[in-house]
Structures are given as C-alpha cells and as structure tokens.
Amino acid sequence: MVSHGASTYTVASMFLLSFTLVLSGDIVHHDDVAPTRPGCANNFVLVKVPTYVDGVENSEYVGVGARFGPTLESKEKRANHTRVVLADPPDCCSKPKNKLTSEIILVHRGKCSFTTKANIADDAGASAIIIINNQTELFKMVCEVNETDVNIGIPAVMLPQDAGINLERHIKNNSIVSIQLYSPHRPLVDVAEVFLWLMAVGTILCASYWSAWTAREAAIEQEKLLKDGSDEYVNTENVGSNGYVEISTASAILFVLFASCFLVMLYKLMSYWFVEILVVLFCIGGIELHGANVTGVQPYFAVMHKLIIYILHVLSGTANLFGGSVIMHNVYSFRWFQHAAQTFVKLPFFGVVPYLALAVTPFCIVFAVIWAVYRRVSYAWIGQDILGITLIITVLQIVRIPNLKVGTVLLSCAFLYDIFWVFVSKWWFHESVMIVVARGDKSGEDGIPMLLKIPRLFDPWGGYSIIGFGDILLPGLLVAFSLRYDWLAKRNLRAGYFLWAMTAYGLGLFVTYVALNLMDGHGQPALLYIVPFTLGTFLSLGMKRGELKILWTRGEPEWVCPHIQEDHQPINH
C-alpha cells in the first residue's frame, strides 16, 4: 500500500538528491578551441608556485602553464629555487632595462601578446616568465593566429592578480624572493576513489536490504490479518499507510524535467547565501524525512534515528541475523523500547509522534547543527557523508519503483539528463553546468552539500573526490526493487536478480572511475556508465529467463507466508 500524501515531502527531498556527477578536480585542461600548431601545443596544466621570502618559506600559489614554451618539471625536488625580479618596463613589451642572469622575471599583462613577452624575456636571459593577470581568475595563454615566432625556450606561467601583487610587494620591500615552478602529476588511482566506491555500493546494499525487509514484514503482517479475518485488515486496506511512495511513469519523466530546472536554478543563483539555504535544507533532510497519510501526519524518521536505536539494540544482545546479514528491526519490535515506541504524543505540525522518536531526535539535530557550523574545517566531510548516506537510505526506503517499466523510464531519462548537463550544456552556457554547480563556483564555498566526498590523501594537489547523490539514489531504486522481488518471490541469490543488479552497479561505477582517471580528473556523468550496466543487465537477464513481461508490468509478486498458506481460508464479506 502506498502513502501518496508523503509524495510532496519526498519529491522535494529527491530534488536535493538529484545531483549526478563524479569528479576529482582536473589539473590538465584540454582545449579544442584555442589554436594549436608546432611550438604552441601544450596542454594547460596547473602549476605549483611555492615562494620563499629572504630564505623563509612563505605562501604557495597555483598558476597555469601556457600553450607555448617547454614543459615544467613534475617533481618538487627537481625544481630549482630561482630568484624573482621585476620587469622594467613592467609589461615586458620591450627589452628590459635591468640585466638578467637566469632569474625569473615577473611581468604584468600589458598590451602586447603573451608570446611577445616570453620572447623578449628569453632573449634578455630570464629562465622563466611569470605573468600577473589583471583579474583574480587565471587566463589561458595561447598563441595569436598571425604569430610566427613561437619557438620559445623558457616556461611561461600565469598567476592570479592577488598572488602577483603579493610577490611584487615583497620585492619592492627589498626582500629576496625566490620560487619553484613544477606541475606534479596526479596519481593514477587515489584511495579516496576506492572508499567512495565502497560507500556507494554499501549504501545501496544497506538500503536494498532494509527496503526488502520492511516490504516482506508488511506483506506477512497483511497475510496474518487476512487469515484472522479481522476488521483491522479491512481498515488497513482502506487507510493505505505503509509509508512509501510508488513512482509512476509520468512522475519519473517529470522528476527529471524538474531536476533539470532545479539544476539551472542552482547554476543561475549560485552564491554564498544560496549555498547557505542548501545547507539548511540538507541538514533538515538529514535529520528527518516526513510524510503524510490520509488520516494525518505520520513521521518517517531518518536512518540516523534507526542507527542509534539499533546500536542500543545490539548492545542489549538481541540483534537478529537473517540470511547472513544483520537486519534492523522496526522500532516497534524492539523488546526494550517497545513501550516507548508504541506510546505517542501529538505535536503541532508533526502530528502523532512516538516518545522514542522524541528521545532520539535531539541527538540527530545536534549532529546536523554541529556539521553546519563547522563544515569548513578539514574533517567536516565526515559529517557531510554521514548525513548524506542517511538521507539516501531513507529516500530509498520510502520511494519505490513498482515494476521494471517505471525503472527503465526513470533511468533512461536520468541517463540523458546526466549527459546533457555535463557535456551538451557547454554549447548553450559555454561551460558544464553540472561541474560548475558541483564546484560551487561564485559561492565562496567548497562545493554544494549534496555530494559524498573524501579527501584525496595521496594526491599532491589535494582536493576531494566526489560523487553526486543521484548516482547512488537513482540506480539504487532499481537495485532495491530487484531484492524486494527476489524476497517476495522466494528466490535465492543465484536464481534472483539482486546479485546481478548489485554487481552491475559496482562494475558500472568502477568503469566510471576508470574513465575519470583517463580524462585527467575531468568530471564524468556517472550515469553514462552505470545505467547501461545496471539496467542492461536487468533487462537482458529478464529476457533470458522469460520473465521480462512479468517484471515489466506486474513487478513485485504478492508474498504468501508458507505457514499461513496451508490454513488460509477465504473471508466471506
């Protein structure tokens, strides 16, 4: 049975979870627009620029290498400490008045071309040229179309305006300033990607078992009431309050359309205050997800509530094992907390709430508030991931696809949605909308909160590897459906669909990370790889077994408890 009244709250939460992207931060920028030719064909690479003032280590800046000139050293220990001097004239559009002996020359943008500056500096005896941009952003230094002298013998690096002004100030104060220039390579695989893979697969695994467990428990309870022929069964049929929302074909299509609108809104309104609003919404979603049935407001408490209660339950020695996996009981079945779980209080706006939920909720609120306040510290990603995982599992528990037809429509639309907003959107917006939103550009924040992220521990560039919630949630709906079908149809792992769907998801996500590393960390639409693996495996297996028609239309079979089946008698109404 479906609680349709919960759909408003759930769909609003799903928009926050619709973000789909895998990203590790690209350090090599391929550019098909900027002209290339012999002597002017370098990739635009980020460059580390550690500085030393009077022999003491100072700030480290990040610049960008030019299309022309020799490539930079990749190892810090091989990069020379070289003194920096100011150009005279400052723009280096004519021969410098000061004599250079292999120093690095610091120049301003000026009116001449980048290659002209580099050639003049090279002829004057500089070992490298640092160009200060006239903005805080970095600019790609290319060769002009009509330039012929592009065989430049020194590397050229651009620094943002604020970094260049700092170096200039130290030099004008008669300090001896030296720098290193090197562009370290990113490791082929970072352990952060392994942990993200495990987190994504583990989240879907936990959510699928929880969803299947509650579906089977509800079906068994329904069968018992049917056997007893009690009025309670008739009443529950009329109420329809099992607390989950089934997605229809139309709502699957509309969801992707509204998610696109939500993404564009994020892109257009991206700013500090807007990210603050997203943080508040994310915290609320991580604390508690509410639904409503036809008889009143019925809260569906977040996974964090269940985890705290489950820990207490395990400590009491009453954890139940099923099929080799630890399964979380519904709070109402806990022996120690049964009275608190079945005792309710009516609150304004929230309706009827168990006393047990009132006891657990403050811990969840405190956790979310602490994360929101300290989310800029280095270890705040841990809290963000905990809140994100609880929110994803809760939505996968509440939102369900009724059959393979709806799952196919939803994932096919999400497949196109992901490709469009990562790749195709560049044609209209001149940049990838999905990547810009993920990085939190123009917001002053380190990305939006609707991501799982882990710091890149062995990457010299640092940063985070991230995965969007939608890359877990949307395929997770299909994987959870496969396990519910297997359990209700009494299929073992080998004869069912769950093992194949779960394996396909893991392989699809693995291929996503392979593509990510082959593209030098440039953001990838994960669903481009995950959907063909997951959905393709499900459709192929159903077709091979001759069950595709049943899966496509009927979906989940009715559960019949074996002990009840023997004694079942029809009810005369």
Side-chain angles (χ1 to χ4, degrees), residues 27 42 44-141 149-185 460-462:
I27 61 170
N42 295 342
F44 297 106
V45 297
L46 294 181
V47 180
K48 281 182 175 287
V49 188
T51 64
Y52 302 83
V53 179
D54 294 328
V56 179
E57 186 174 357
N58 199 264
S59 303
E60 180 177 279
Y61 304 111
V62 175
V64 62
R67 182 71 100 183
F68 50 85
T71 58
L72 291 163
E73 179 58 57
S74 62
K75 301 290 185 180
E76 180 182 9
K77 61 183 180 181
R78 296 178 185 171
N80 295 324
H81 289 251
T82 308
R83 184 173 179 177
V84 182
V85 297
L86 298 178
D88 184 16
D91 59 4
C92 200
C93 289
S94 59
K95 184 178 179 179
K97 297 177 182 179
N98 47 334
K99 186 178 179 180
L100 301 177
T101 54
S102 298
E103 292 92 350
I104 295 176
I105 190 168
L106 185 67
V107 309
H108 286 269
R109 280 281 295 265
K111 297 181 179 180
C112 58
S113 68
F114 297 120
T115 52
T116 299
K117 297 175 187 293
N119 274 313
I120 292 174
D122 190 11
D123 294 339
S127 60
I129 181 170
I130 301 291
I131 301 175
I132 303 173
N133 195 16
N134 52 15
Q135 299 176 9
T136 55
E137 292 82 12
L138 293 173
F139 187 84
K140 294 179 179 179
M141 296 185 290
D149 189 8
V150 293
N151 294 317
I152 299 167
I154 60 173
V157 175
M158 173 169 283
L159 284 181
Q161 187 178 44
D162 52 351
I165 289 176
N166 286 338
L167 289 178
E168 194 174 38
R169 186 181 69 251
H170 286 302
I171 296 173
K172 288 181 176 179
N173 289 336
N174 297 321
S175 297
I176 298 176
V177 177
S178 61
I179 64 172
Q180 289 178 287
L181 297 176
Y182 66 101
S183 181
H185 298 308
W461 289 99

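Since the model is a prediction, treat every value here as computed from it, not as a measurement.
For the pair Leu159 and Leu167, the minimum side-chain heavy-atom distance is below 4.5 Å. You'll find the side chain of Leu138 reaches within 4.5 Å of the side chain of Pro160, heavy atoms only. Proximity of Trp461 to Val62: side-chain heavy atoms (C-beta onward) are separated by under 4.5 Å at one or more points. Counting heavy atoms from C-beta on, the side chains of Ile171 and Val85 never come closer than 4.5 Å. In this structure the side chain of Thr82 never reaches within 4.5 angstrom of the side chain of Ser102, judged on heavy atoms.
The two residues Pro96 and Ile120 come nearest to each other via the heavy atoms CD-CG2, 3.7 Å. Taking both residues in full, the closest heavy atoms of Tyr182 and Ala79 are given as CB-CB, 4.0 Å, listed atom of the first, atom of the second, then distance. The two atoms that bring Ala163 and Tyr61 nearest to each other are CB-CD2, 3.4 Å, heavy atoms only. Minimum interatomic distance between Pro155 and Ser127 (heavy atoms only, all atoms of both residues): CD-O, 3.5 Å. Nearest heavy-atom pair across Phe68 and Met141 is CE2-O, 4.2 Å. Shown here for Glu57 and Tyr52, the closest heavy-atom pair between the two residues is CA-CD2, 3.5 Å.
Side-chain atoms of Lys48 come within 3.5 Å of backbone N or O of Pro460 as a donor-acceptor pair. Of the possible donor and acceptor atoms, none in the side chain of Asp122 sits under 3.5 Å from a partner among the backbone N and O of Ala118. Between the Glu73 side chain and the Lys75 main chain, a donor and an acceptor come within less than 3.5 Å of each other. In this structure, Lys117 contributes its side chain and His108 its backbone to a donor-acceptor pair below 3.5 Å.
Separating the CD1 atom in Ile132 from the CG atom in Leu106 is a distance of 4.0 Å, to the nearest 0.5 Å. Annotation: the span from Gln161 atom CD to Thr136 atom OG1 amounts to 7.0 Å, rounded to 0.5 Å. Distance OG1/Thr51 to CG/Asn58: 4.0 Å, rounded to 0.5 Å. How far CD1 of Ile179 is from CG of Asn80: 11.5 Å, rounded to the nearest 0.5 Å. Atom OG1 in Thr101 sits 9.0 Å away from atom CZ in Arg83 (nearest 0.5 Å). Between atom CD1 of residue Ile152 and atom CZ of residue Arg67 there is a gap of 13.5 Å, rounded to the nearest 0.5 Å.
Between Cys112 and Cys92, the two SG sulfurs stay at or beyond 2.5 Å from each other.
The side-chain contact (heavy atoms from CB on, under 4.5 Å) test with Met158 singles out one residue from Ile131, Ile129, Val47, Ile130, and that residue is Ile131.
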Intermediate values then yes/no, side chain to side chain contact (heavy atoms under 4.5 Å, CB included), Leu181 and Ile104: CA-CA 10 Å; Leu181 297 176; Ile104 295 176; 4.0 Å; yes
